[in-house]
Amino acid sequence: MAVAAVDMSFMEDPSIFSKSRYHQDDEDNFNLADLRACEPQAFAMAPVANPKSFCLDIKKSGEAPKLMDFMKGTTTLGFVFQGGIIIAVDSRASMGSYIGSQTVKKVIEINDFLLGTIAGGAADGSFWERHLNRLCRMHELREKERISVAAASKLLANIFWQYRGQGLSCGTMVAGWDKKGPSLYMVDDQGDRHKGNVFSVGSGSTFAYGVLDTGYRFDLTVDEAVELGRRSIYHATHRDGASGGVARVYHVHEKGWTKVIAGEDVNKLHYMYAAEKNLKGDE
Amino acid sequence: MSGLMEYNGSAIVAMTGENCVGIAADTRHGIRQLQTVSCNRQKTFQVTDQCFVGLAGLATDVQTLSQLLNFRMKLFTLREERKMQPRMIGNMISSMLYEKRFGPWFTEPVVAGLDDNHKPFVCAFDFIGCLSTAEDFVVSGTTSEQLFGVCESFWRPGMNKDELFETLSQCLLSGVDRDCLAGWGGVVHVITPDEIITKKLKGRMD
């Protein structure tokens, strides 16, 4: 199956990327140029014929094998209950079958009362959620009021919509407690945005849903909810090859968020849960 | 081709010691790459009382090939009334694999055994039967690149059976901790002139 090769002739003369001798760095103290550079019109694109589909073309043409294989494979979950929201994630970064890291932070602390999770490309998720942090702060300064979770997730969804089809890879959940109470939104790289009570995103999500849906009730206590989140992540890491490492659990409540479990080794959890059932753990 | 070799996932390593040889394998049974079905699939098979064969690759071919090997071994013993040496077993596997050159078995076997002079022998094959012997260790499976690195660091000549067991276990467990498709426990066999020591390993279950 022959695919037209991407025109890489712009690489032949690297000097076109260098700054000229008379270039002056932006003196703007507010670094607004930095913020504006995130708008699609100003985001630097590859100097090829079809810049918008560059990432997908490179992947299809096979000219740079493995370059566009982002670290994916994960399990993240979130659910709303009477005490707020529980967000639980694993910590493995996998590239195909290779485990890149077992200590990745997949929960981004957007600000003191908003949490975002990353599934999919870690760079995409962490960059755009940190950008969301800036946008939320700008909103606070302009409106003299905290941004609502609905508006924050809408900002993120709109950004993904603008870059739709260009190869971003990111499935995130935005969680927070605002005037309307606790809200959980799932936003993905195509610009989909859904409000809901129970979500799980990632390659291990199907396994996590099984345990989560079985144990979920709106009137769980905080301890029961944290245990449910931790247990769902553990089960997903056991069955899914691309999830593993440690389980992290956060609790979003009226006063912001708390990191309940900073990182509990899922291997330890496996033998602990097996012992509870009087099993050895190697079945 | 590579998709099928990664469908189930496996990690096999065999090492030589002083008058002993060892083979270790993980025990994960996975399907469609990422889903784990069970944690106790057998990937090492005893063919004589001094020789093991480890089979990495597609699980169905591993099972069929192990049964075929068993059949050929028994037939040999009946006809020739003597025990097959590990080098012979290697050559036999090589021919069996090349027989299917244009419709191959999707496995990459590993042979580890002691010959009649108690000299250790290890060898590995590609999926169409190229035999390659090594003096120190051989690896196979989806984790082979990680295992090469860790075995190269930890193997040393002249290990006795306890040191060999320890080295094999640590190499296997460290290697599979960097592979999504292998792990979830392990099994190690150490073959000495007097006995075969088999131990199960407690590994990370994620």
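All values below were derived from every heavy atom in this structure, side-chain atoms included, with hydrogens, water molecules and symmetry-related copies excluded. Lettering follows sequence order; numbering is per chain, from 1.
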Got a donor-acceptor contact below 3.5 angstrom from the A/Arg239 side chain to the B/Val37 backbone?
yes
Between A/Glu109 and A/Tyr250: side-chain donor-acceptor atoms closer than 3.5 Å:
yes
Look only at the side chain of B/Gln85 and the backbone of B/Asp116, and say whether a donor-acceptor pair between them is shorter than 3.5 Å.
yes
Among residues 193-206 of chain B, which residues come closer than 4.5 Å to chain A, judged by heavy atom distances?
B/Lys200, B/Lys202, B/Gly203, B/Arg204, B/Met205, B/Asp206
Count the heavy-atom pairs under 4.5 Å between each of A/Gly245, A/Gly241, A/Gly204 and chain B, then report the option with the highest count.
A/Gly241
Taking heavy atoms only and a threshold strictly under 4.5 Å, list by residue number the residues of residues 179-187 of chain B that touch chain A; give 'none' if the list is empty.
B/Asp179, B/Cys180, B/Leu181, B/Trp184
Can you list everything that forms a salt bridge (Lys or Arg N to Asp or Glu O under 4.0 Å) with B/Glu166? Sequence neighbours excluded, please.
none
Please state whether the rings of A/Tyr234 and A/Tyr273 are parallel, tilted or perpendicular, taking 30° and 60° as the class boundaries.
tilted
Is it true that a side-chain atom of A/Tyr216 and a backbone atom of A/Val80 form a donor plus acceptor pair closer than 3.5 Å?
yes
Determine whether the aromatic ring centres of B/Phe125 and B/Trp105 lie less than 6.0 Å apart.
no
For B/Asp49, salt bridge (Lys or Arg N to Asp or Glu O under 4.0 Å) partners two or more places apart:
B/Lys83
Contact part of A/Asp90 toward chain B, heavy-atom cut-off under 4.5 Å: side chain, backbone, both or neither?
neither
Does any heavy atom of chain B fall under 4.5 Å from the side chain of A/Tyr271, the backbone, both, or neither of them?
side chain
Tell me if a side-chain donor or acceptor on B/Ser94 pairs with a main-chain N or O of B/Gly90 at a distance below 3.5 Å.
no
Less than 3.5 Å apart, any donor N or O on the side chain of B/Asp26 or B/Ser10 sitting next to an acceptor on the other?
no
Give, as side chain, backbone, both or neither, the part of A/His238 having an atom under 4.5 angstrom from any heavy atom of chain B.
both
Donor-acceptor check, side chain of B/Glu152 to backbone of B/Gly149, threshold 3.5 angstrom: yes or no?
no
With distance as the sole criterion, is a donor-acceptor pair present between the side chains of A/Asp240 and A/Ser203 under 3.5 Å?
yes
Part of A/Thr206 within contact of chain B (heavy atom distance under 4.5 Å)
neither
